[in-house]
Amino acid sequence: MRPETIVWIVPDDMGDADASPAALRALGYTVIEAPLATAPRLAADLRVLPTSPLADEAALRAACAGDRRPTLVLAHDAGCEAIALEVSDLRDEVVRLPQSPEHLAARIDRLVRRDRDSAWLHRDILTGLLNRRAFGQRLRKVLEEMLPGEVRGLVLLDLDHFKRINEQFGHSVGDQLLRSAAETLAAGSSPDDPIGRLGGDEFVLLLTRYDTQTLLNDARALLRRLSTPLQVPSIGDSVVLTASAGLTLLRPHLTEGEVMRQADAAMYEAKGSGRNRLMCFEASASCPSAPDIDADLERFNEVTKVFSDRLARIVGDMGRRLVEGARRQALQDALTGAHNRRYFDERLAREVTQAQRNGRPLALALMDIDDFHGVNAGFGWPSGDAVLREFATLATGNVRLVDWLARYGGEEFCVVLPDTGIDAALAVMERIRAAVAGYQFHAIDGRTIPVTVSVGVAALGPEDNTPITLVDRAGRACLRAKAAGKDRVVAAGSA
């Protein structure tokens, strides 16, 4: 059987079944037939989108832009083919019908190869982490977009005595240990922390934290996780890896090369100080005029650092859990798990400032669940709370990775879409609207609750001097959606 899973878009009424999915199954593919509204929630590698079930040009545009997976568009006429070629992604394929099952299979295989090749252009083949070039691009982007007050640091790690490990156990064992080290770093860092392999036994991470002390503590915790014994079945024993690491704080005026040089200097200072430790470039550079510091005092400082690290092992994990838990509670809506109003206000201000400074698009959508007071009155407040929780989960599952959701208040939610123009934002929100309309919400007693949502979408424009004006325009568009009959998406400024 082929490993690829395909979701094949079918009409909502499932009428006029197409024989092509069955033909592809006979060729070894796993094919799931699903309506357009539910397809984004299905786990599949790629999508096949026939244009014939789509009602009009707007529906075709929204369908093509509404799913980030590689898509094979099957155009039933020249007009649909032209539209699909215009709006589809570079990872997609567009073909005119009719096509034989073998031809469709060849197109699907081409999609899979293209997607895999494009993904691995930016990945280290051995570990799956970002390669040197891709990490450098990410670092340059972070430096360009840093805002005042952001706390970001770069950690450069070099495995200690790794050449000796290769010589003792062989390069195959060395490769196993490099993969294990990569997995350990990924497991011990935040999902938003980019991790790369520069080559050989050097790894690099970008950490974003609330304050400098948390950044330093987390970098030290990564080193401690790395020193856990690793089981190597091929030699029947475990190996302990340690690393020397250099940390430098990012500043907007620094270049990629300067940041890497600072981290490299701190890392070599860590090696010279005994290895298996973290050195901060800012700490070592804070006294450049005192190179003749007393050796005993320097050793005392090192002993103090070791003692601090040991003390941190005792209280660090518990303290970090308490602090992170308090931060999550302060920035997370307790009922739905989405970001709360405080988080929304703070981050939206930063998003607007960054978009205006860099001349990049930004869109905001305000969603209001229709007739929610009727849900509470007719089904009870616990059922209303369940609807809010399921709605937040459904909306989060249908936004893109770059988008983020917050509960604005009551039954109102906001989605912020960075680097997104109005057309793409409308497509994303139409996908959410359709998913909500097609979802079965249930009351506590098992009754089905009909739920729809009205959405207003606004793109950042020159008239938006503050984030408030952007939210206000999206809110007015949402009110127009309500007045027009509800269960629809309306763009700010439209008739």
Heavy-atom side-chain proximity of [X] to [Y] below 4.5 angstrom:
X: Met429; Y: Ile432; result: yes
X: Leu250; Y: Leu154; result: yes
X: Val204; Y: Ile195; result: no
X: Leu178; Y: Phe203; result: yes
X: Trp8; Y: Leu24; result: yes
X: Val428; Y: Leu417; result: yes
X: Phe391; Y: Ile369; result: yes
X: Ile6; Y: Thr30; result: no

Please give me the minimum heavy-atom distance between [X] and [Y], naming the atom from each residue.
X: Phe135; Y: Leu205; answer: CZ-C, 4.1 Å
X: Phe441; Y: Leu394; answer: CZ-CD2, 4.3 Å
X: Arg225; Y: Thr184; answer: O-CG2, 3.6 Å
X: Ile9; Y: Pro50; answer: O-CD, 3.4 Å
X: Leu364; Y: Ala474; answer: CD2-CB, 3.5 Å
X: Gly456; Y: Ala477; answer: CA-CB, 3.7 Å

Output the distance between atom [atom1] ([X]) and atom [atom2] ([Y]), rounded to the nearest 0.5 Å.
X: Thr208; Y: Leu215; atom1: OG1; atom2: CG; answer: 8.5 Å
X: Arg197; Y: Glu202; atom1: CZ; atom2: CD; answer: 10.5 Å
X: Asp77; Y: Arg96; atom1: CG; atom2: CZ; answer: 6.5 Å
X: Thr212; Y: Arg152; atom1: OG1; atom2: CZ; answer: 13.5 Å
X: Arg407; Y: Leu388; atom1: CZ; atom2: CG; answer: 5.0 Å
X: Asn131; Y: Leu126; atom1: CG; atom2: CG; answer: 12.5 Å

Under 3.5 Å, side chain of [X] to main-chain N/O of [Y], donor-acceptor pair present?
X: Asp464; Y: Thr466; value: no
X: Glu93; Y: Arg110; value: no
X: Asp370; Y: Asp487; value: yes
X: Ser383; Y: Ile444; value: yes
X: Asp92; Y: Thr71; value: yes
X: Asp403; Y: Val399; value: no
X: Thr51; Y: His76; value: yes
X: Asn358; Y: Arg360; value: no
X: Arg25; Y: Val31; value: yes
X: Asp193; Y: Ser190; value: yes

Presence of salt bridge, [Y] and [X], under 4.0 angstrom:
X: Glu463; Y: Arg473; answer: yes
X: Glu150; Y: Arg350; answer: yes
X: Arg389; Y: Asp385; answer: no
X: Arg347; Y: Glu351; answer: yes
X: Glu183; Y: Arg179; answer: no
X: Arg140; Y: Glu144; answer: no
X: Lys486; Y: Asp371; answer: yes

For [X] and [Y], test the side chains for any donor-to-acceptor distance below 3.5 angstrom and give the result as yes or no.
X: Asp368; Y: Ser454; value: no
X: Gln332; Y: Tyr343; value: no
X: Thr214; Y: Arg209; value: no
X: Asp333; Y: Thr336; value: yes

Original post:
Is Arg138 atom CZ crowded by more than 12 heavy atoms from other residues, nucleotides or ligands, each under 6.0 Å away?
Top reply: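 Incorrect, the count does not exceed 12.
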
Original post:
Is the number of heavy atoms from other residues, nucleotides or ligands under 6.0 Å of Leu479 CG greater than 12?
Top reply: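 Yes - once you tally the heavy atoms of other residues, nucleotides and ligands closer than 6.0 Å, there are more than 12.
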
Original post:
Under the side chain to side chain contact (heavy atoms under 4.5 Å, CB included) criterion, do Leu72 and Val95 qualify, and how do the steps go?
Top reply: CA-CA 8 Å; Leu72 176 62; Val95 298; 4.1 Å; yes

**OP:** Starting from the C-alpha separation in whole Å, work towards a yes-or-no answer on side chain to side chain contact (heavy atoms under 4.5 Å, CB included) for Leu130 and Arg123.
**Re:** CA-CA 4 Å; Leu130 294 173; Arg123 294 287 173 180; 3.9 Å; yes

**OP:** Apply side chain to side chain contact (heavy atoms under 4.5 Å, CB included) to Leu104 and Leu74, showing your working.
**Re:** CA-CA 9 Å; Leu104 290 179; Leu74 305 180; 3.6 Å; yes

Original post:
Does NZ or CZ of Arg341 fall inside the cone over Tyr408's six-membered ring, less than 6.0 Å from its centre and within 45° of the axis?
Top reply: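 Output yes; distance and angle both within limits.
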
**OP:** Please assess Thr396 against Trp404 for the test side chain to side chain contact (heavy atoms under 4.5 Å, CB included), listing each intermediate value before the final yes or no.
**Re:** CA-CA 8 Å; Thr396 301; Trp404 54 275; over 6 Å; no

**OP:** Go through the steps to decide whether Thr469 and Asp472 satisfy the test side-chain hydrogen bond (donor to acceptor under 3.5 Å, both in side chains), and finish with yes or no.
**Re:** CA-CA 5 Å; Thr469 60; Asp472 180 65; over 6 Å; no

